[in-house]
Amino acid sequence: LRGKLDYTPVGFQLLPLEFTLRQLQEVHEVVRGEPLNKDSFRRRMLATGDGSVWAGTQDGVYRRPAGGEGFDRLRLQGGGVLNGNVNALAESTDGSIWVGGNNGLYVVQPGGQDLQPVTSPPGQGLLQTAVLGLLVDSQQVLWVDTSAGLHRMEGKAGAQASFKLVADSGGGSVGANLLEDPQGRI
């Protein structure tokens with residue numbers, strides 16, 4: 001059971017249909033036998049506006065539809081599966097779900113079922129593939145933390161987006177737990 005926590009949504013199966021993130025974290029802590037960092041744990045979980053619950057794992061991303069009892073593993077566009085850590089999840093007000101992981105940035109379009117890799121025009125992409133943190137701010141701008149620094153999305157058309165590096169981290173994460181303060185600063 002301990003080993004399955006990292007690559008399946010088994011922790012959810014040990015809870016009732018309605019639960020808090022704190023209860024889910026407690027299940028993980030009991031099974032693992034150690035405390036978990038609250039912020040790191042929660043950035044891999046997402047409750048969306050349509051009532052779905054999303055979970056990022058070390059083996060992809062899973063979604064439980066609103067009112068559903070089980071989790072479904074999301075597939076890549078074309079049928080494959082996403083492998084590797086999912087480090088962060090975020091939702092835009094248009095219903096787009098952003099998925100950041102060791103293998104890059106993906107988006108599930110509003111009403112969509114598949115993960116689409118986000119591509120960028122030459123010279124306008126993320127400077128590092130691995131995504132450590134995500135934030136959609138109050139202006140609906142996507143912020144992406146990588147080991148190269150903090151990037152701001154400048155434009156989007158479908159699964160293609162352009163990014164600008166706004167803070168060079170000098171080879172480390174700016175802060176995977178991205179937050180917006182009341183003045184709109186990231």
Side-chain angles (χ1 to χ4, degrees), residues 1-76 81-115 130-138 140-146 150 173-182 185-186:
L1 189 59
R2 183 174 291 146
K4 288 187 173 191
L5 279 176
D6 291 332
Y7 64 90
T8 71
V10 69
F12 293 96
Q13 297 167 345
L14 300 172
L15 291 165
L17 283 179
E18 292 186 23
F19 57 88
T20 65
L21 278 176
R22 182 66 195 134
Q23 290 170 319
L24 180 61
Q25 183 174 340
E26 286 172 354
V27 165
H28 279 251
E29 289 173 341
V30 167
V31 172
R32 285 180 172 275
E34 63 187 13
L36 298 173
N37 178 285
K38 177 181 169 183
D39 294 330
S40 296
F41 180 80
R42 291 183 179 200
R43 116 175 134 246
R44 295 174 70 175
M45 306 294 159
L46 180 66
T48 58
D50 69 358
S52 296
V53 176
W54 296 66
T57 72
Q58 289 184 356
D59 196 33
V61 64
Y62 294 80
R63 175 179 55 196
R64 184 183 79 188
E69 292 188 20
F71 281 79
D72 298 315
R73 186 175 187 187
L74 272 74
R75 300 186 97 41
L76 294 168
V81 294
L82 177 63
N83 292 310
N85 279 349
V86 170
N87 300 318
L89 300 165
E91 180 182 25
S92 299
T93 57
D94 72 355
S96 297
I97 306 297
W98 299 94
V99 177
N102 290 358
N103 295 327
L105 181 63
Y106 299 83
V107 64
V108 178
Q109 302 291 347
Q113 301 296 316
D114 297 326
L115 292 161
V131 174
L132 306 172
L134 295 171
L135 171 71
V136 176
D137 71 15
S138 60
Q140 293 306 295
V141 173
L142 177 68
W143 296 81
V144 181
D145 184 27
T146 72
L150 183 62
S173 173
V174 170
N177 296 314
L178 299 172
L179 301 170
E180 180 178 11
D181 71 13
R185 297 176 296 202
I186 305 305

When L89 is tested against each of V108, V61, L134 for side chain to side chain contact (heavy atoms under 4.5 Å, CB included), which residue passes? V61
What is the distance from atom [atom1] of [X] to atom [atom2] of [Y], rounded to the nearest 0.5 Å?
X    : Y    : atom1 : atom2 : answer
R64  : T48  : CZ    : OG1   : 10.5 Å
I186 : L179 : CD1   : CG    : 8.5 Å
D114 : R75  : CG    : CZ    : 9.0 Å
Q113 : D72  : CD    : CG    : 8.5 Å

Distance-minimising heavy-atom pair for [X] and [Y]:
X   : Y    : answer
P65 : S52  : CA-OG, 3.7 Å
A66 : D50  : CB-O, 3.2 Å
A88 : G133 : CB-CA, 3.8 Å
R63 : G112 : NH1-O, 3.7 Å
S96 : Q109 : OG-OE1, 4.2 Å
Y62 : L74  : C-CD1, 4.1 Å

Side-chain (R73) to main-chain (L82) donor-acceptor, under 3.5 angstrom: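 Side chain of R73 to backbone of L82, a donor-acceptor pair under 3.5 Å: yes, one is there.
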Looking at E91 and L46, would you say the former's side chain and the latter's main chain have a donor-acceptor pair under 3.5 Å?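 Checked: no pair found.
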Steps toward side chain to side chain contact (heavy atoms under 4.5 Å, CB included) verdict (L150, L178): CA-CA 10 Å; L150 183 62; L178 299 172; 4.0 Å; yes
Do L76 and Y106 touch side chain to side chain, with heavy atoms closer than 4.5 Å? yes
Heavy atoms, side chains only, cut-off 4.5 Å: are L105 and L142 in contact? yes
With distance as the sole criterion, is a donor-acceptor pair present between the side chains of N102 and N87 under 3.5 Å?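 There is such a pair (donor and acceptor under 3.5 Å, judged by atom type) between the side chains of N102 and N87.
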